[in-house]
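Proteins get letters first, then strands, A, B, ... in listed order; numbering begins at 1 in each.
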Protein chains: 2
Amino acid sequence: MLSKKTRYAFRALSYLGENYGKGPILISDISKAKKIPLKFLENILNELKKADLLESKKGKGGGYSLKVSPKKINLATVIRVINGPIALLPCVSLNFYERCEDCDETYCGIRKVMTITRDATLKILEKKTLHDIIFASI
Amino acid sequence: MLSKKTRYAFRALSYLGENYGKGPILISDISKAKKIPLKFLENILNELKKADLLESKKGKGGGYSLKVSPKKINLATVIRVINGPIALLPCVSLNFYERCEDCDETYCGIRKVMTITRDATLKILEKKTLHDIIFASI
DNA sequence: TAATATCCTACCAATTTAGTAGGGGATATT
DNA sequence: AATATCCCCTACTAAATTGGTAGGATATTA
Ligand code: FES
Ligand code: FES
């Protein structure tokens, strides 16, 4: 399951997507509009910025905005940044790979199934973008 | 990601599957063969029993065995018993549904994508059985 | 230089995860 | 009936993760 933090991230990004092209948006505005605890949201947006999905501006007239169009931000990327691995096992993860002790990857049946599952999941999550979820929700 | 406990469950079930039809298998045998902490495994097997996947016998000559053939135990069931929901959001879960506060399901774009993802995942995990992972790993 | 707004570090409580410890109860053999 | 075997149950615990808070440092604008 995705963490609450990840769901907050999606909601915040949706808001930024809805306001794409309108200049910097205040954290406090997003916090109010999407009912996300302000200081927690601050952290989330900062992580998204470090992952190069957002850009920010300090001082008056500052705030956050999407770095690229909502059509270019896919959901898999967001989940990886905030939630971590998408695969169900570390030995199957493309971006967070870790070897399994006491298990030979070449002959592991569980791993084979989880690889298929991962591919099916990614096929969807890498295709669906912020734009898709904003548009679907109007 | 699946918990370590879930991975232990798969390994234990694989062992029981490999020995299907040979009568009760000792927890300690599974523990040794699959390198799973004994007391932890005890707990796991008991949960699988309560979920009606295993049957047990006490006393000498006792142990655990699969209640049905490895071909009839699908991976989704196992994950649900030990790990919990398969869906990425509670509002999308078929077996562990919970409503999202501050979010209208009818218009929620995230939910739509996660529903598609869940279906794709289930299509695989409900089809693949214990037999598949045992056979693939030989 | 004052006001504004993000950035950074540190802390915290609650929950979950990954176990351990120890005895109780059922069963089979002797 | 005694005993050894083996699952069952309750309770406890350490460590990690989750979901936050608090407070100040830093950058920007006016
Ligand atoms: S589960 Fe990772 S290699 Fe078997
Ligand atoms: S995320 Fe569950 S309804 Fe929107």
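Residue B:Lys4 has no polar side-chain atom (N or O) positioned under 4.0 Å from OP1 or OP2 of C:dT16. For the OP1/OP2 pair of D:dC8 and a distance below 4.0 Å, the side-chain nitrogens and oxygens of B:Ser56 include at least one atom meeting the criterion. Dashed line: the shortest gap from a side-chain N or O of B:Asn46 to OP1 or OP2 of D:dC9 is under 4.0 Å. Taking side-chain N and O atoms only, A:Lys57 has a distance below 4.0 Å to OP1 or OP2 of D:dT29. Side-chain N/O atoms of B:Lys49 include one lying less than 4.0 angstrom from OP1 or OP2 on D:dC8. Between B:Tyr8 and C:dG19 there is a side-chain N or O to OP1 or OP2 distance below 4.0 Å.
When only modelled atom types and interatomic distance are considered, A:Thr106 and A:Asp104 share a side-chain donor-acceptor pair under 3.5 Å. A donor atom on one side chain and an acceptor atom on the other are not found under 3.5 Å apart for A:Ser31 and A:Ser28. Judged by distance alone, the side chains of B:Tyr64 and B:Asn46 do bring a donor and an acceptor atom under 3.5 Å apart. At a cut-off of 3.5 Å, with distance as the only test, no side-chain donor of B:Thr129 or B:Asn74 sits close to an acceptor on the other residue.
Residues B:Ser28 and B:Asn43 each lie close to DNA chain D; by heavy-atom proximity, the contact nearer the 5' end of the strand is made by B:Ser28. Nearest-nucleotide positions on DNA chain D place B:Lys60 closer to the 5' end than the other of B:Lys60 and A:Ser3. The nearest heavy atom of DNA chain C to A:Gly59 and to A:Lys50 marks one nucleotide each, and the one closer to the 5' end goes with A:Gly59.
Distance CG (B:Leu41) to P (D:dC6): 15 Å, rounded to an integer number of Å. Distance, A:Met1 CE to D:dT18 P: 13 Å, rounded to whole Å. Atom CG in A:Leu2 sits roughly 15 Å away from atom C1' in D:dT17 (whole-Å rounding). Nucleotide D:dT5 holds its C1' atom 13 Å from the CG atom of B:Asp29, rounded to whole Å. In this structure, B:Lys58 atom NZ and C:dT27 atom P are separated by 7 Å, rounded to whole Å. Computed from coordinates, the B:Phe40 CZ to C:dT16 P distance equals 15 Å when rounded to whole Å. Whole-Å rounding puts the A:Ile36 CD1 to D:dT21 P distance at 12 Å. For the pair A:Lys32 NZ and C:dA5 C1', the computed distance is 13 Å after rounding to whole Å.
Counting any heavy atom pair closer than 4.0 Å across all strands shown, B:Lys5 reaches sugar-phosphate atoms only and no base atom. Heavy atoms of A:Leu45 sit nowhere under 4.0 angstrom from any nucleic acid atom.
Nearest to the side chain of B:Ile27, among C:dT6, C:dT20, D:dC7, sits D:dC7. Closest to the side chain of A:Glu42, from the set D:dG23, D:dG19, D:dC7, is D:dG23.
Pairing of D:dA14, defined by two Watson-Crick or G-U wobble distances under 3.5 Å, is identified with C:dT17.
Taking only distance into account, the side chain of B:Lys39 meets the base of C:dG22 through a donor-acceptor pair shorter than 3.5 Å.
By the 4.5 Å heavy-atom criterion applied to side chains, A:Arg11 and A:Ile36 are counted as neighbours.
Atom CD of A:Glu98 has 12 or fewer heavy atoms from other residues, nucleotides or ligands within 6.0 Å.
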